[in-house]
Amino acid sequence: MIPPADWASGALGYRFADEALLELALTHRSSAGGNNERLEFLGDAVLGLVISEVLYAAHPQADEGTLSRLRARLVRRETLEGLARELALGDLLRLGA
């Protein structure tokens with residue numbers, strides 16, 4: 001299995017400054033030890049902000065309702081699952097029994 005930091009570098013073109021945070025972010029709460037629930041909370045907010053900013057800039061004439069629906073479509077489970085599959089992210093997750 002490829003180390004998560006190498007995966008991130010290749011798949012995302014990004015090198016994490018703190019590889020321990022990447023490991024934690026990939027650890028499900030069913031796994032023994034620390035988990036990513038606090039990072040998930042923060043990540044959800046960051047994802048929402050980034051997507052909102054991109055949509056706001058890309059659709060200058062759209063009203064709040066339209067932008068909210070577009071954002072919801074992008075950050076819903078099915079969309080994010082598809083992206084995770086494309087990136088083979090599941091191979092890196094640390095899960096419990």
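Everything numeric in this text was worked out from a predicted model, so none of it was measured.
- Without hydrogens or angle criteria, Trp7 side chain to Asp91 main chain gives no donor-acceptor distance under 3.5 Å.
- Between the side chain of Arg71 and the backbone N or O of Leu67, no donor-acceptor pair lies under 3.5 Å.
- Between Leu22 and Leu26 there is a side-chain heavy-atom pair separated by less than 4.5 Å.
- Looking only at distances, a side-chain donor or acceptor of Ser30 sits under 3.5 Å from a matching main-chain atom of Gly96.
- Considering only heavy atoms from C-beta on, Val54 stays 4.5 Å or farther from Leu74 through its side chain.
- Looking at every heavy atom in both residues, Val75 comes nearest to Leu80 through O-CD1, 3.3 Å.
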Take Val46 and Leu49, measure what side-chain contact (heavy atoms from CB on, under 4.5 Å) needs, and give me the verdict at the end.
-> CA-CA 5 Å; Val46 170; Leu49 175 65; 5.7 Å; no
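- Listed here is the closest heavy atom pair of Ile2 and Leu92: O-CD2, 3.6 Å.
- Note that CD of Glu81 and CD of Glu86 are 12.5 Å apart. Values are rounded to the nearest 0.5 Å.
- At least one donor-acceptor pair closer than 3.5 Å links the side chain of Ser52 to the backbone N or O of Gly48.
- The ring-ring contact (aromatic ring centres under 6.0 Å, His included) pairs that include a residue from residues 36-63 number zero, where partners must be two or more places apart or lie in different chains.
- For Ser68 (side chain) and Glu64 (main-chain N/O), a donor-acceptor pair under 3.5 Å exists by modelled atom type.
- Between the side chains of Thr66 and Asp63, at least one donor N or O sits under 3.5 Å from an acceptor N or O.
- Looking at Thr27, its side chain never comes within 3.5 Å of a backbone N or O of Leu93 through a donor-acceptor pair.
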